Number of protein chains: 2
Amino acid sequence: MVRTLSEENYLKAIYALKRKGEEKVSVKIIAIYMGNSPASVVDMLKKLSAKELVNYDKKSGADLSSTGYSAALSIIRKHRLWEVFLCENLGYTWDKVHDIAEQLEHIKSEDLADKLSDYLGNPKFDPHGDPIPDKKGNIPKKDKVLLSKSQLGKSYRVVGVLDASTLFLEYLQKLKVNLGVMIQLEELNAFDGSMLVKINEGESQTVSLKFAQNIWVSPA
Amino acid sequence: MVRTLSEENYLKAIYALKRKGEEKVSVKIIAIYMGNSPASVVDMLKKLSAKELVNYDKKSGADLSSTGYSAALSIIRKHRLWEVFLCENLGYTWDKVHDIAEQLEHIKSEDLADKLSDYLGNPKFDPHGDPIPDKKGNIPKKDKVLLSKSQLGKSYRVVGVLDASTLFLEYLQKLKVNLGVMIQLEELNAFDGSMLVKINEGESQTVSLKFAQNIWVSPA
DNA sequence: AATAAAAATTAGCCTAGACTAATTTTATTG
DNA sequence: CAATAAAATTAGTCTAGGCTAATTTTTATT
(Lines give C-alpha, C1' and ligand atoms only; values in the text may rest on other atoms or scores of the structure.)
Protein backbone atom coordinates (compact mmCIF):
# COMPACT_ATOMS: atom_id res chain seq x y z
CA MET A 1 0.00 0.00 0.00
CA VAL A 2 1.28 3.39 -0.96
CA ARG A 3 1.77 5.86 1.85
CA THR A 4 2.28 9.58 1.44
CA LEU A 5 4.90 11.60 3.25
CA SER A 6 2.25 13.19 5.36
CA GLU A 7 0.64 9.91 6.33
CA GLU A 8 4.03 8.58 7.36
CA ASN A 9 4.67 11.59 9.54
CA TYR A 10 1.37 11.13 11.34
CA LEU A 11 2.16 7.47 11.99
CA LYS A 12 5.51 8.45 13.41
CA ALA A 13 3.92 11.10 15.59
CA ILE A 14 1.36 8.70 17.05
CA TYR A 15 4.08 6.18 17.72
CA ALA A 16 6.27 8.76 19.42
CA LEU A 17 3.44 10.10 21.57
CA LYS A 18 2.42 6.61 22.67
CA ARG A 19 5.98 5.71 23.55
CA LYS A 20 6.41 9.00 25.35
CA GLY A 21 3.79 7.64 27.67
CA GLU A 22 0.76 9.69 26.67
CA GLU A 23 -2.19 7.92 28.23
CA LYS A 24 -4.48 9.07 25.45
CA VAL A 25 -3.26 10.27 22.07
CA SER A 26 -5.92 12.87 21.39
CA VAL A 27 -6.47 15.09 18.39
CA LYS A 28 -5.24 18.01 20.41
CA ILE A 29 -2.00 16.37 21.46
CA ILE A 30 -1.19 15.28 17.91
CA ALA A 31 -1.98 18.77 16.65
CA ILE A 32 0.39 20.36 19.15
CA TYR A 33 3.11 17.79 18.56
CA MET A 34 3.02 18.23 14.79
CA GLY A 35 2.28 21.93 14.70
CA ASN A 36 -0.85 21.37 12.66
CA SER A 37 -4.40 22.51 13.33
CA PRO A 38 -6.79 20.12 15.09
CA ALA A 39 -8.99 20.24 11.99
CA SER A 40 -6.18 18.86 9.85
CA VAL A 41 -5.52 16.14 12.39
CA VAL A 42 -9.14 15.04 12.34
CA ASP A 43 -9.04 14.83 8.55
CA MET A 44 -5.91 12.75 8.57
CA LEU A 45 -7.12 10.44 11.32
CA LYS A 46 -10.16 9.72 9.19
CA LYS A 47 -7.96 8.93 6.25
CA LEU A 48 -5.64 6.71 8.27
CA SER A 49 -8.59 4.92 9.83
CA ALA A 50 -10.05 4.26 6.40
CA LYS A 51 -6.71 2.76 5.42
CA GLU A 52 -6.78 0.72 8.63
CA LEU A 53 -3.46 2.06 9.78
CA VAL A 54 -4.93 3.71 12.84
CA ASN A 55 -7.77 2.99 15.23
CA TYR A 56 -9.38 6.08 16.51
CA ASP A 57 -12.23 7.03 18.69
CA LYS A 58 -12.67 10.20 20.60
CA LYS A 59 -13.00 8.30 23.86
CA SER A 60 -9.72 6.42 23.85
CA GLY A 61 -7.78 8.51 21.33
CA ALA A 62 -5.70 7.33 18.42
CA ASP A 63 -3.67 4.15 18.31
CA LEU A 64 -1.71 2.36 15.63
CA SER A 65 -3.21 -0.78 14.16
CA SER A 66 -0.79 -3.62 13.69
CA THR A 67 -0.09 -2.61 10.09
CA GLY A 68 0.24 0.99 11.23
CA TYR A 69 2.65 -0.09 13.92
CA SER A 70 4.83 -2.01 11.45
CA ALA A 71 4.81 0.96 9.13
CA ALA A 72 5.90 3.29 11.93
CA LEU A 73 8.65 0.93 13.03
CA SER A 74 9.90 0.64 9.48
CA ILE A 75 10.20 4.41 9.20
CA ILE A 76 11.97 4.66 12.55
CA ARG A 77 14.31 1.88 11.56
CA LYS A 78 15.25 3.75 8.40
CA HIS A 79 15.66 7.01 10.25
CA ARG A 80 18.05 5.50 12.76
CA LEU A 81 20.02 3.48 10.23
CA TRP A 82 20.60 6.58 8.16
CA GLU A 83 21.70 8.45 11.29
CA VAL A 84 24.31 5.79 11.89
CA PHE A 85 25.47 6.08 8.30
CA LEU A 86 25.69 9.85 8.44
CA CYS A 87 27.70 9.82 11.66
CA GLU A 88 29.90 6.80 11.22
CA ASN A 89 30.56 6.90 7.53
CA LEU A 90 30.12 10.49 6.42
CA GLY A 91 31.54 12.11 9.53
CA TYR A 92 28.54 14.10 10.68
CA THR A 93 28.28 14.89 14.38
CA TRP A 94 25.20 13.52 16.10
CA ASP A 95 23.65 16.93 16.55
CA LYS A 96 23.55 17.56 12.80
CA VAL A 97 22.00 14.42 11.43
CA HIS A 98 18.39 14.73 12.42
CA ASP A 99 17.06 16.90 9.59
CA ILE A 100 18.70 14.86 6.88
CA ALA A 101 17.58 11.57 8.42
CA GLU A 102 14.10 13.04 8.57
CA GLN A 103 14.18 13.13 4.78
CA LEU A 104 15.98 9.85 4.21
CA GLU A 105 13.55 7.89 6.37
CA HIS A 106 10.88 8.28 3.69
CA ILE A 107 12.83 6.61 0.89
CA LYS A 108 10.62 3.75 -0.16
CA SER A 109 12.51 0.46 -0.25
CA GLU A 110 12.62 -2.13 2.49
CA ASP A 111 15.39 -3.84 0.61
CA LEU A 112 17.47 -0.69 0.77
CA ALA A 113 17.02 -0.54 4.54
CA ASP A 114 18.11 -4.16 4.85
CA LYS A 115 21.16 -3.66 2.66
CA LEU A 116 22.08 -0.48 4.50
CA SER A 117 21.75 -2.27 7.82
CA ASP A 118 24.04 -5.06 6.64
CA TYR A 119 26.51 -2.53 5.32
CA LEU A 120 26.62 -0.80 8.69
CA GLY A 121 27.08 -4.10 10.51
CA ASN A 122 23.48 -4.28 11.73
CA PRO A 123 23.88 -1.70 14.47
CA LYS A 124 21.50 -1.97 17.41
CA PHE A 125 21.57 1.68 18.47
CA ASP A 126 21.71 4.99 16.70
CA PRO A 127 24.08 7.84 17.58
CA HIS A 128 21.57 9.20 20.10
CA GLY A 129 21.47 5.84 21.85
CA ASP A 130 18.01 4.97 20.55
CA PRO A 131 17.41 1.35 19.61
CA ILE A 132 17.12 0.39 15.94
CA PRO A 133 14.34 -2.12 15.23
CA ASP A 134 15.47 -5.07 13.14
CA LYS A 135 13.68 -5.98 9.93
CA LYS A 136 11.15 -8.06 11.80
CA GLY A 137 10.38 -5.20 14.15
CA ASN A 138 12.24 -6.44 17.22
CA ILE A 139 13.54 -3.56 19.27
CA PRO A 140 16.77 -4.13 21.19
CA LYS A 141 16.83 -3.23 24.88
CA LYS A 142 19.60 -1.44 26.60
CA ASP A 143 20.35 -1.24 30.29
CA LYS A 144 20.64 2.50 30.22
CA VAL A 145 19.76 4.94 32.99
CA LEU A 146 19.62 8.70 33.13
CA LEU A 147 22.80 10.24 34.47
CA SER A 148 20.68 11.73 37.24
CA LYS A 149 19.80 8.22 38.42
CA SER A 150 23.29 6.78 38.11
CA GLN A 151 25.30 5.63 41.09
CA LEU A 152 27.78 7.99 42.71
CA GLY A 153 31.36 7.09 41.94
CA LYS A 154 30.57 4.42 39.37
CA SER A 155 31.82 4.64 35.79
CA TYR A 156 29.35 5.01 32.95
CA ARG A 157 29.45 5.50 29.24
CA VAL A 158 27.25 8.06 27.47
CA VAL A 159 24.87 6.25 25.16
CA GLY A 160 22.34 8.89 24.28
CA VAL A 161 20.25 11.90 25.09
CA LEU A 162 16.64 12.30 26.05
CA ASP A 163 16.25 15.85 24.80
CA ALA A 164 17.53 15.91 21.23
CA SER A 165 17.08 19.66 20.73
CA THR A 166 19.82 21.47 18.88
CA LEU A 167 20.32 23.74 21.89
CA PHE A 168 21.08 20.83 24.14
CA LEU A 169 23.20 18.98 21.61
CA GLU A 170 25.30 22.07 21.00
CA TYR A 171 25.82 22.48 24.73
CA LEU A 172 27.01 18.88 24.83
CA GLN A 173 29.49 19.56 22.05
CA LYS A 174 30.88 22.45 24.06
CA LEU A 175 31.33 20.23 27.11
CA LYS A 176 32.88 17.59 24.82
CA VAL A 177 30.24 15.12 25.88
CA ASN A 178 30.01 12.82 22.90
CA LEU A 179 28.51 9.42 22.46
CA GLY A 180 30.80 6.84 24.02
CA VAL A 181 32.48 9.25 26.40
CA MET A 182 33.11 8.05 29.98
CA ILE A 183 31.27 9.91 32.68
CA GLN A 184 31.16 9.61 36.44
CA LEU A 185 29.10 11.26 39.17
CA GLU A 186 31.35 12.62 41.89
CA GLU A 187 29.24 14.78 44.11
CA LEU A 188 25.59 15.60 44.60
CA ASN A 189 24.43 18.98 45.75
CA ALA A 190 21.31 18.49 47.85
CA PHE A 191 20.36 22.15 47.61
CA ASP A 192 19.57 22.50 43.89
CA GLY A 193 20.27 19.01 42.61
CA SER A 194 23.32 20.13 40.66
CA MET A 195 26.18 17.69 40.53
CA LEU A 196 29.89 17.38 39.97
CA VAL A 197 30.79 15.02 37.14
CA LYS A 198 34.07 13.88 35.66
CA ILE A 199 34.07 13.68 31.90
CA ASN A 200 36.51 11.38 30.14
CA GLU A 201 39.27 11.56 32.75
CA GLY A 202 39.32 15.34 32.32
CA GLU A 203 38.63 17.98 34.94
CA SER A 204 35.48 17.75 36.98
CA GLN A 205 32.60 19.95 35.99
CA THR A 206 29.40 21.13 37.63
CA VAL A 207 26.20 20.42 35.75
CA SER A 208 22.56 21.07 36.54
CA LEU A 209 19.97 18.49 37.50
CA LYS A 210 18.17 19.22 34.26
CA PHE A 211 21.33 18.41 32.36
CA ALA A 212 21.74 15.08 34.15
CA GLN A 213 18.13 14.21 33.56
CA ASN A 214 18.67 14.39 29.82
CA ILE A 215 21.68 12.15 29.37
CA TRP A 216 21.43 8.40 29.01
CA VAL A 217 24.34 6.42 30.36
CA SER A 218 25.15 2.74 30.50
CA PRO A 219 27.37 1.02 33.10
CA ALA A 220 30.90 0.52 31.82
CA MET B 1 14.99 28.98 -2.54
CA VAL B 2 12.76 26.06 -1.82
CA ARG B 3 12.02 23.74 -4.72
CA THR B 4 9.30 21.14 -4.77
CA LEU B 5 9.75 17.60 -5.96
CA SER B 6 7.73 18.35 -9.04
CA GLU B 7 9.69 21.44 -9.92
CA GLU B 8 12.90 19.50 -9.62
CA ASN B 9 11.61 16.82 -11.93
CA TYR B 10 10.72 19.38 -14.58
CA LEU B 11 14.18 20.93 -14.36
CA LYS B 12 15.72 17.49 -14.79
CA ALA B 13 13.48 16.78 -17.77
CA ILE B 14 14.37 20.01 -19.54
CA TYR B 15 18.04 19.36 -18.91
CA ALA B 16 17.77 15.82 -20.23
CA LEU B 17 15.86 16.85 -23.34
CA LYS B 18 18.33 19.62 -24.12
CA ARG B 19 21.27 17.30 -23.70
CA LYS B 20 19.56 14.68 -25.81
CA GLY B 21 19.88 17.22 -28.56
CA GLU B 22 16.31 18.42 -28.90
CA GLU B 23 16.54 21.54 -31.00
CA LYS B 24 13.52 23.06 -29.28
CA VAL B 25 12.20 21.87 -25.93
CA SER B 26 8.52 22.43 -26.55
CA VAL B 27 5.55 21.95 -24.27
CA LYS B 28 4.61 18.91 -26.23
CA ILE B 29 8.00 17.24 -25.96
CA ILE B 30 8.18 17.82 -22.21
CA ALA B 31 4.66 16.46 -21.83
CA ILE B 32 5.52 13.26 -23.70
CA TYR B 33 8.81 12.84 -21.88
CA MET B 34 7.25 13.20 -18.45
CA GLY B 35 3.97 11.49 -19.19
CA ASN B 36 2.01 14.58 -18.17
CA SER B 37 -0.59 16.52 -20.08
CA PRO B 38 0.47 19.59 -22.08
CA ALA B 39 -1.80 21.67 -19.86
CA SER B 40 0.15 20.66 -16.77
CA VAL B 41 3.39 21.47 -18.51
CA VAL B 42 2.21 24.95 -19.41
CA ASP B 43 1.24 25.58 -15.80
CA MET B 44 4.59 24.44 -14.51
CA LEU B 45 6.56 26.38 -17.10
CA LYS B 46 4.77 29.49 -15.93
CA LYS B 47 5.68 28.71 -12.36
CA LEU B 48 9.30 27.98 -13.17
CA SER B 49 9.53 31.14 -15.28
CA ALA B 50 8.16 33.19 -12.41
CA LYS B 51 10.86 31.68 -10.21
CA GLU B 52 13.41 32.49 -12.92
CA LEU B 53 14.57 28.93 -13.18
CA VAL B 54 13.44 28.59 -16.77
CA ASN B 55 13.18 30.87 -19.76
CA TYR B 56 10.29 30.02 -21.95
CA ASP B 57 8.69 31.31 -25.01
CA LYS B 58 6.56 29.43 -27.45
CA LYS B 59 8.90 30.37 -30.28
CA SER B 60 12.15 28.98 -28.97
CA GLY B 61 10.82 26.56 -26.36
CA ALA B 62 11.99 26.11 -22.78
CA ASP B 63 15.51 26.53 -21.55
CA LEU B 64 17.13 26.50 -18.15
CA SER B 65 18.28 29.81 -16.74
CA SER B 66 21.66 29.76 -15.10
CA THR B 67 20.12 29.14 -11.68
CA GLY B 68 17.90 26.48 -13.19
CA TYR B 69 20.90 24.89 -14.80
CA SER B 70 22.82 24.74 -11.52
CA ALA B 71 19.77 23.28 -9.82
CA ALA B 72 19.45 20.58 -12.45
CA LEU B 73 23.14 19.73 -12.26
CA SER B 74 22.94 19.49 -8.50
CA ILE B 75 20.10 16.97 -8.74
CA ILE B 76 21.92 14.94 -11.37
CA ARG B 77 25.05 14.99 -9.26
CA LYS B 78 23.14 13.61 -6.30
CA HIS B 79 21.42 10.99 -8.42
CA ARG B 80 24.68 9.67 -9.80
CA LEU B 81 26.54 9.79 -6.49
CA TRP B 82 23.79 7.76 -4.85
CA GLU B 83 23.93 5.28 -7.72
CA VAL B 84 27.61 4.78 -7.07
CA PHE B 85 26.91 4.27 -3.38
CA LEU B 86 24.15 1.76 -4.03
CA CYS B 87 26.28 -0.29 -6.41
CA GLU B 88 29.69 -0.06 -4.85
CA ASN B 89 28.82 -0.07 -1.19
CA LEU B 90 25.47 -1.75 -0.86
CA GLY B 91 25.97 -4.32 -3.58
CA TYR B 92 23.12 -3.40 -5.90
CA THR B 93 23.50 -4.25 -9.56
CA TRP B 94 23.39 -1.30 -11.91
CA ASP B 95 20.02 -2.26 -13.34
CA LYS B 96 18.33 -1.97 -9.95
CA VAL B 97 19.52 1.36 -8.70
CA HIS B 98 17.59 3.83 -10.80
CA ASP B 99 14.31 3.97 -8.90
CA ILE B 100 15.95 4.36 -5.53
CA ALA B 101 18.37 6.99 -6.81
CA GLU B 102 15.36 8.78 -8.27
CA GLN B 103 14.14 9.25 -4.71
CA LEU B 104 17.50 9.95 -3.10
CA GLU B 105 18.37 12.70 -5.58
CA HIS B 106 15.77 14.95 -3.98
CA ILE B 107 17.25 14.90 -0.48
CA LYS B 108 17.93 18.52 0.28
CA SER B 109 21.47 19.09 1.46
CA GLU B 110 24.40 20.16 -0.66
CA ASP B 111 26.64 19.35 2.24
CA LEU B 112 25.40 15.79 2.23
CA ALA B 113 26.22 15.47 -1.46
CA ASP B 114 29.71 16.79 -0.84
CA LYS B 115 30.32 14.45 2.09
CA LEU B 116 28.94 11.51 0.14
CA SER B 117 31.17 12.34 -2.80
CA ASP B 118 34.23 12.46 -0.54
CA TYR B 119 33.21 9.21 1.07
CA LEU B 120 32.99 7.53 -2.32
CA GLY B 121 36.36 8.91 -3.36
CA ASN B 122 34.91 11.61 -5.59
CA PRO B 123 33.99 9.29 -8.43
CA LYS B 124 33.79 10.86 -11.89
CA PHE B 125 31.34 8.39 -13.43
CA ASP B 126 28.31 6.52 -12.24
CA PRO B 127 27.66 2.81 -12.78
CA HIS B 128 26.02 3.53 -16.13
CA GLY B 129 29.10 5.40 -17.27
CA ASP B 130 27.50 8.81 -17.00
CA PRO B 131 29.67 11.65 -15.75
CA ILE B 132 29.12 13.03 -12.25
CA PRO B 133 29.31 16.83 -12.07
CA ASP B 134 31.56 18.09 -9.28
CA LYS B 135 30.28 20.54 -6.68
CA LYS B 136 31.09 23.48 -8.92
CA GLY B 137 29.20 21.97 -11.81
CA ASN B 138 32.13 20.79 -13.91
CA ILE B 139 31.25 17.70 -15.89
CA PRO B 140 34.04 15.23 -16.58
CA LYS B 141 34.49 14.05 -20.15
CA LYS B 142 35.12 10.50 -21.17
CA ASP B 143 36.51 9.16 -24.40
CA LYS B 144 33.72 6.69 -24.77
CA VAL B 145 32.18 5.43 -28.01
CA LEU B 146 29.21 3.25 -28.77
CA LEU B 147 30.12 -0.37 -29.28
CA SER B 148 28.67 -0.05 -32.77
CA LYS B 149 31.33 2.56 -33.61
CA SER B 150 34.24 0.75 -31.99
CA GLN B 151 37.15 -0.62 -33.99
CA LEU B 152 37.12 -4.22 -35.11
CA GLY B 153 39.49 -6.39 -33.08
CA LYS B 154 40.38 -3.73 -30.52
CA SER B 155 39.75 -4.28 -26.81
CA TYR B 156 37.27 -2.10 -24.99
CA ARG B 157 35.79 -1.86 -21.55
CA VAL B 158 32.05 -1.41 -20.99
CA VAL B 159 31.48 1.93 -19.31
CA GLY B 160 27.78 2.45 -19.68
CA VAL B 161 24.56 2.15 -21.57
CA LEU B 162 22.59 4.58 -23.68
CA ASP B 163 19.22 2.95 -23.18
CA ALA B 164 18.77 2.48 -19.44
CA SER B 165 15.44 0.66 -19.70
CA THR B 166 14.92 -2.28 -17.40
CA LEU B 167 14.33 -4.52 -20.39
CA PHE B 168 17.72 -3.73 -21.83
CA LEU B 169 19.53 -3.88 -18.50
CA GLU B 170 18.07 -7.28 -17.78
CA TYR B 171 19.16 -8.51 -21.16
CA LEU B 172 22.65 -7.30 -20.33
CA GLN B 173 22.58 -9.22 -17.06
CA LYS B 174 21.69 -12.36 -18.95
CA LEU B 175 24.62 -11.88 -21.33
CA LYS B 176 26.79 -11.13 -18.29
CA VAL B 177 27.64 -7.75 -19.69
CA ASN B 178 28.39 -5.69 -16.60
CA LEU B 179 30.11 -2.39 -16.16
CA GLY B 180 33.84 -2.88 -16.48
CA VAL B 181 33.59 -6.04 -18.54
CA MET B 182 35.98 -6.38 -21.49
CA ILE B 183 34.38 -6.52 -24.90
CA GLN B 184 35.72 -6.85 -28.40
CA LEU B 185 34.17 -6.68 -31.86
CA GLU B 186 35.17 -9.69 -33.92
CA GLU B 187 33.02 -9.70 -37.00
CA LEU B 188 30.59 -7.40 -38.73
CA ASN B 189 27.65 -8.70 -40.73
CA ALA B 190 27.01 -6.27 -43.54
CA PHE B 191 23.55 -7.66 -44.22
CA ASP B 192 21.72 -6.71 -41.02
CA GLY B 193 24.40 -4.96 -39.04
CA SER B 194 24.58 -7.74 -36.46
CA MET B 195 28.01 -8.48 -35.06
CA LEU B 196 30.05 -11.11 -33.34
CA VAL B 197 31.51 -9.94 -30.04
CA LYS B 198 33.69 -11.57 -27.44
CA ILE B 199 32.68 -10.83 -23.89
CA ASN B 200 35.24 -11.10 -21.10
CA GLU B 201 37.39 -13.80 -22.69
CA GLY B 202 34.30 -16.02 -22.90
CA GLU B 203 32.71 -17.48 -26.00
CA SER B 204 31.82 -15.21 -28.86
CA GLN B 205 28.26 -14.15 -29.19
CA THR B 206 26.13 -12.60 -31.91
CA VAL B 207 24.37 -9.37 -31.03
CA SER B 208 22.16 -7.03 -33.02
CA LEU B 209 23.08 -3.61 -34.30
CA LYS B 210 20.53 -2.13 -31.94
CA PHE B 211 22.28 -3.80 -29.05
CA ALA B 212 25.66 -2.43 -30.08
CA GLN B 213 24.21 1.04 -30.52
CA ASN B 214 23.22 1.13 -26.89
CA ILE B 215 26.44 0.20 -25.17
CA TRP B 216 29.13 2.69 -24.33
CA VAL B 217 32.68 1.38 -24.36
CA SER B 218 36.02 2.96 -23.66
CA PRO B 219 39.37 1.83 -25.13
CA ALA B 220 41.25 -0.43 -22.72
C1' DA C 1 -28.37 19.38 36.91
C1' DA C 2 -27.01 23.71 34.69
C1' DT C 3 -23.41 26.02 32.98
C1' DA C 4 -18.86 26.91 31.43
C1' DA C 5 -14.79 25.34 29.40
C1' DA C 6 -12.35 22.30 26.51
C1' DA C 7 -12.06 19.15 22.77
C1' DA C 8 -13.63 17.46 18.51
C1' DT C 9 -15.86 18.09 14.41
C1' DT C 10 -17.80 20.31 10.36
C1' DA C 11 -18.04 23.69 6.75
C1' DG C 12 -15.84 26.23 3.68
C1' DC C 13 -11.61 28.02 1.66
C1' DC C 14 -6.70 27.78 -0.17
C1' DT C 15 -2.51 26.05 -2.88
C1' DA C 16 0.04 22.64 -5.53
C1' DG C 17 -0.15 19.90 -9.19
C1' DA C 18 -2.49 16.91 -11.78
C1' DC C 19 -6.45 16.23 -15.39
C1' DT C 20 -10.00 16.93 -19.67
C1' DA C 21 -12.26 19.67 -22.94
C1' DA C 22 -12.58 23.81 -25.37
C1' DT C 23 -10.33 27.53 -27.51
C1' DT C 24 -6.76 30.23 -29.52
C1' DT C 25 -2.51 30.70 -31.81
C1' DT C 26 0.93 29.18 -35.01
C1' DA C 27 2.49 26.46 -38.89
C1' DT C 28 1.78 23.85 -43.02
C1' DT C 29 0.26 23.15 -47.30
C1' DG C 30 -2.79 22.69 -51.39
C1' DC D 1 -3.75 32.94 -49.01
C1' DA D 2 -7.36 30.36 -47.12
C1' DA D 3 -7.96 25.90 -44.99
C1' DT D 4 -6.42 22.58 -42.06
C1' DA D 5 -3.54 20.58 -38.72
C1' DA D 6 -0.75 20.93 -34.83
C1' DA D 7 0.71 23.14 -30.72
C1' DA D 8 -0.21 26.04 -26.93
C1' DT D 9 -3.20 27.96 -23.83
C1' DT D 10 -7.26 28.69 -20.96
C1' DA D 11 -11.13 27.29 -18.25
C1' DG D 12 -12.82 24.46 -15.13
C1' DT D 13 -12.45 20.14 -12.20
C1' DC D 14 -10.15 16.95 -8.92
C1' DT D 15 -7.29 15.24 -4.83
C1' DA D 16 -4.10 15.89 -1.02
C1' DG D 17 -3.31 18.34 2.76
C1' DG D 18 -3.26 22.32 4.88
C1' DC D 19 -6.03 26.45 7.16
C1' DT D 20 -9.84 29.43 10.03
C1' DA D 21 -14.20 30.02 11.99
C1' DA D 22 -18.32 28.12 13.57
C1' DT D 23 -20.63 24.40 15.70
C1' DT D 24 -21.29 20.32 18.32
C1' DT D 25 -20.01 17.16 21.76
C1' DT D 26 -17.78 16.01 26.00
C1' DT D 27 -16.03 16.98 30.42
C1' DA D 28 -15.70 19.73 34.60
C1' DT D 29 -17.33 22.84 37.89
C1' DT D 30 -20.26 25.21 40.59
Side-chain angles (χ1 to χ4, degrees), chain A residues 1-15 17-18 20 22-64 68 71-72 75 102-103 105-106 108, chain B residues 1-15 17-18 20 22-64 68 71-72 75 102-103 105-106 108:
Chain A
M1 205 212 308
V2 186
R3 259 168 252 124
T4 65
L5 214 187
S6 202
E7 286 170 2
E8 292 198 343
N9 284 332
Y10 274 93
L11 295 177
K12 257 204 320 173
I14 294 168
Y15 178 89
L17 288 165
K18 260 273 139 60
K20 218 173 112 185
E22 289 297 346
E23 18 28 279
K24 179 189 159 186
V25 178
S26 62
V27 167
K28 200 196 173 195
I29 281 174
I30 298 174
I32 290 168
Y33 183 80
M34 301 191 70
N36 285 348
S37 73
S40 304
V41 175
V42 169
D43 284 352
M44 186 53 91
L45 286 180
K46 276 185 196 157
K47 194 180 166 196
L48 293 173
S49 298
K51 286 193 164 192
E52 309 207 341
L53 291 163
V54 161
N55 300 121
Y56 173 65
D57 72 63
K58 206 177 335 207
K59 199 85 182 175
S60 47
D63 199 3
L64 297 171
I75 300 161
E102 203 78 359
Q103 298 179 60
E105 70 187 4
H106 300 290
K108 273 155 198 52
Chain B
M1 207 211 307
V2 187
R3 260 167 250 126
T4 67
L5 215 186
S6 202
E7 286 170 3
E8 292 197 344
N9 284 333
Y10 274 92
L11 294 178
K12 256 203 323 173
I14 295 168
Y15 177 88
L17 288 165
K18 260 269 139 64
K20 220 173 110 184
E22 291 296 345
E23 28 12 291
K24 179 189 160 186
V25 179
S26 62
V27 166
K28 198 193 174 198
I29 280 174
I30 298 173
I32 291 168
Y33 183 80
M34 300 190 72
N36 285 348
S37 71
S40 304
V41 175
V42 169
D43 283 353
M44 186 53 92
L45 287 180
K46 275 184 197 160
K47 195 181 165 196
L48 293 173
S49 298
K51 286 192 162 194
E52 309 206 340
L53 291 162
V54 161
N55 299 122
Y56 173 65
D57 72 64
K58 207 177 334 208
K59 198 86 185 175
S60 47
D63 200 3
L64 298 171
I75 300 162
E102 204 77 358
Q103 299 179 60
E105 71 188 4
H106 300 289
K108 274 155 197 53

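This structure is a prediction, so every number in the text was calculated from the model and none was measured. By convention in this document, chain letters (A, B, ...) are assigned in the order of the sequence lines, proteins followed by strands, and residues within each chain are numbered from 1.
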Please report, to 0.1 Å, the donor-acceptor pairs under 3.5 Å made by any side chain of residues 23-33 of chain B, with sequence neighbours excluded.
| from | atom 1 | to | atom 2 | distance (Å) |
| --- | --- | --- | --- | --- |
| B:K24 | NZ | B:K58 | O | 3.0 |
| B:S26 | OG | B:I29 | N | 3.2 |

**Message:** With rounding to the nearest 0.5 angstrom, report the OG1 to NZ distance, A:T4 to A:K51.
**Reply:** 6.0 Å
**Prompt:** Is there a residue in residues 6-15 of chain B whose heavy atoms reach under 4.0 Å of DNA chain D, and which residues are they?
**Reply:** none
**Item:** Pair A:Y10-A:V41, side-chain contact (heavy atoms from CB on, under 4.5 Å): steps then yes or no
**Value:** CA-CA 9 Å; A:Y10 274 93; A:V41 175; 4.1 Å; yes
**Message:** What is the distance, to the nearest angstrom, from the NZ atom on B:K46 to the C1' atom on D:dA8?
**Reply:** 10 Å
**Message:** Please tell me if B:K24 has a side-chain N or O lying less than 4.0 Å from either OP1 or OP2 of D:dA7.
**Reply:** no
**Message:** If I take atom CZ in residue A:R3 and atom P in nucleotide D:dT15, what distance separates them, rounded to the nearest angstrom?
**Reply:** 22 Å
**Prompt:** To the nearest 0.5 Å, how far apart are CE in B:M1 and CD in B:E7?
**Reply:** 8.0 Å
**Request:** Please list, chain by chain and in numerical order, all residues satisfying salt bridge (charged side-chain N to carboxylate O under 4.0 Å, His left out) with A:K12, sequence neighbours excluded.
**Result:** A:E102, A:E105
**Prompt:** Between B:N9 and B:I75, is a side-chain contact (heavy atoms from CB on, under 4.5 Å) present by the stated rule, with each step listed?
**Reply:** CA-CA 9 Å; B:N9 284 333; B:I75 300 162; over 6 Å; no
**Asked** Does a side-chain heavy-atom distance below 4.5 Å link A:M44 with A:N36?
**Response** no
**Asked** If you round to the nearest 0.5 Å, how far is CG of B:L5 from NE2 of B:H106?
**Response** 4.5 Å
**Request:** Tell me which residues in residues 26-38 of chain B put a heavy atom below 4.0 Å from DNA chain D, sorted by number, or none.
**Result:** B:S26, B:V27, B:K28, B:P38
**Asked** Taking any strand in view, what nucleotide pairs with C:dA27 in a Watson-Crick or G-U wobble way, both distances under 3.5 Å?
**Response** D:dT4
**Prompt:** B:K108: what forms a salt bridge (charged side-chain N to carboxylate O under 4.0 Å, His left out) with it, not counting sequence neighbours?
**Reply:** B:E8
**Asked** Taking the side chain of A:D43 as its heavy atoms from C-beta onward, which of C:dA21, D:dC19, C:dA16 lies nearest to it?
**Response** D:dC19
**Message:** Once rounded to the nearest 0.5 Å, what's the spacing between atom CG of B:D57 and atom OG of B:S49?
**Reply:** 9.5 Å
**Item:** Spatial distance of atom CG (A:D63) from atom CG (A:L53) [nearest 0.5 Å]
**Value:** 12.5 Å
**Residue-level proximity of residues 50-64 of chain B to DNA chain D when a heavy atom falls under 4.0 Å** = B:Y56, B:K58
**Message:** Expressed as a whole number of angstroms, how long is the span from B:L45:CG to C:dA18:P?
**Reply:** 12 Å
